[in-house]
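Working notes, structure below.
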Amino acid sequence: MQNQTTPSNSFNQTTCSKTARQPNHPVKTELVLIRGLPGSGKSTMASVLTLVGYEHYEADMFFMRDGVYHYDATRIRDAHAWCQKLTREALSSGRRVVVSNTFTMLREIEPYRSMTSNLRIVEALGKWENSHDVPTEMVQRMAERWEVLATH
């Protein structure tokens, strides 16, 4: 996998599966997790998947009120719980879902692993201006705690 500090406007993809897929038994649900730093293109990539029928969730959506982003650091756990709940409900209803969050630490992915055996993880590695004006110092702290995803 490319290191996050490498200048790139691309992505890496890893597919994880708890069970082997049978050729004659198509999987009804799929969960795609898009991870990356602010400004890496996570939301843009997810929006493309919505065009082909995926439902899109991210913790940042929790902070949207009437189209305006109102971040509150004291509610970040609530935001992630909300995102996980909506994802679980959509998958339980047989829908395909894409979740775009930073997922800087691998433990942040774990709640999603139990939701489906059909999981794909994509790393967004773009270097654009972030849409929520996250300060450069905060992005740097996120980059410093970034954990590399093992490939299969």
Side-chain angles (χ1 to χ4, degrees), residues 1-64 67 69 71 73 75-128 130-132 134 138-139 141-152:
M1 295 232 159
Q2 287 184 340
N3 183 315
Q4 184 62 36
T5 58
T6 303
S8 174
N9 287 333
S10 62
F11 65 91
N12 282 327
Q13 175 178 298
T14 301
T15 301
C16 302
S17 178
K18 293 179 188 172
T19 58
R21 289 170 42 173
Q22 301 297 318
N24 297 327
H25 298 89
V27 176
K28 294 179 182 171
T29 63
E30 179 182 29
L31 175 58
V32 177
L33 302 181
I34 303 176
R35 69 189 298 241
L37 296 176
S40 63
K42 299 178 302 296
S43 298
T44 301
M45 291 170 70
S47 68
V48 171
L49 288 176
T50 66
L51 298 174
V52 293
Y54 285 77
E55 291 195 23
H56 175 210
Y57 303 111
E58 58 186 53
D60 282 338
M61 292 174 174
F62 180 83
F63 299 109
M64 294 298 290
Y69 186 67
Y71 181 73
R75 308 259 346 252
I76 193 67
R77 288 184 194 269
D78 296 333
H80 284 283
W82 173 85
C83 187
Q84 291 167 19
K85 177 182 179 286
L86 292 177
T87 299
R88 188 176 297 106
E89 289 172 355
L91 290 169
S92 294
S93 297
R95 293 173 288 196
R96 297 181 300 166
V97 179
V98 57
V99 176
S100 54
N101 284 325
T102 55
F103 296 117
T104 58
M105 294 180 285
L106 299 180
R107 67 180 166 82
E108 297 166 343
I109 293 171
E110 289 310 311
Y112 294 93
R113 286 189 186 275
S114 66
M115 294 183 195
T116 182
S117 61
N118 192 12
L119 173 66
R120 184 178 314 266
I121 301 172
V122 177
E123 290 189 353
L125 303 173
K127 301 286 184 184
W128 292 282
N130 71 76
S131 61
H132 298 303
V134 178
M138 176 62 82
V139 175
R141 284 196 300 270
M142 291 175 165
E144 289 168 2
R145 70 174 181 245
W146 184 267
E147 294 179 347
V148 176
L149 184 66
T151 58
H152 301 320

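Throughout, numbering of the chain's residues begins at 1 and tracks the sequence.
In this structure, the side chains of Val48 and Tyr54 stay at 4.5 Å or more apart for every pair of heavy atoms. Inter-residue side-chain proximity for Tyr112 and Asn101 is flagged as met; some heavy-atom pair is nearer than 4.5 Å. Within the 4.5 Å cutoff, the side chain of Glu89 has no heavy atoms near those of the Tyr57 side chain. Contact check for Leu106 versus Leu149: side-chain heavy atoms found under the 4.5 Å cut-off. A heavy-atom distance below 4.5 Å is not found between the side chains of Arg77 and His80. The side-chain heavy atoms of Tyr71 and Val134, taken from C-beta on, include no pair separated by under 4.5 Å. Contact of the Phe63 side chain with the Asp78 side chain is not registered, since no non-hydrogen atoms from C-beta on lie closer than 4.5 Å.
Between Phe103 and Ile34 the shortest heavy-atom distance is CD1-O, 3.8 Å. The two residues Gln84 and Met115 have their closest heavy-atom pair at O-CE, 3.6 Å. Heavy-atom minimum distance, Ala79 versus Ala59: CB-O, 3.7 Å. Nearest heavy-atom pair, Ser40 versus Ala124, reported as atom, atom and distance to 0.1 Å: CB-O, 3.3 Å.
Salt-bridge annotation for Arg113 and Glu110: present, with a side-chain N of the basic residue lying under 4.0 Å from a carboxylate O of the acidic one.
Applying the side chain to side chain contact (heavy atoms under 4.5 Å, CB included) test between Val99 and each of Leu33, Leu86, Ile109 identifies Leu33 as the sole match. Partner of Ser100 under the side chain to side chain donor-acceptor pair (under 3.5 Å) criterion, out of Arg35, Lys42, His56: His56 alone.
For the atom pair CZ of Arg145 and OG1 of Thr104, the computed distance is 4.0 Å after rounding to the nearest 0.5 Å. For the atom pair CZ (Arg141) and CG (Leu37), the distance works out to 13.0 Å, reported to the nearest 0.5 Å. Asn130 contributes atom CG, which lies 9.5 Å from atom CG of Asp60 (distance to the nearest 0.5 angstrom).
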### Criterion side chain to side chain contact (heavy atoms under 4.5 Å, CB included) on Arg107 and Glu147, from CA distance to verdict
CA-CA 9 Å; Arg107 67 180 166 82; Glu147 294 179 347; 5.8 Å; no
### Message
Working note: Leu31 + Thr29, criterion side chain to side chain contact (heavy atoms under 4.5 Å, CB included); need CA distance, chi angles, decisive distance, verdict.
### Response
CA-CA 7 Å; Leu31 175 58; Thr29 63; over 6 Å; no
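By the 6.0 Å contact criterion, CE on Met105 is enclosed, its count of non-hydrogen atoms from other residues, nucleotides or ligands being greater than 12.
Using a distance-only test at 3.5 Å, with no hydrogens or angles considered, a donor-acceptor pair links the side chain of Thr116 to the main chain of Asn118.
A cation-pi arrangement, defined by a distance under 6.0 Å to the six-membered ring centre and an angle within 45 degrees of its axis, is absent between Arg75 and Trp82.
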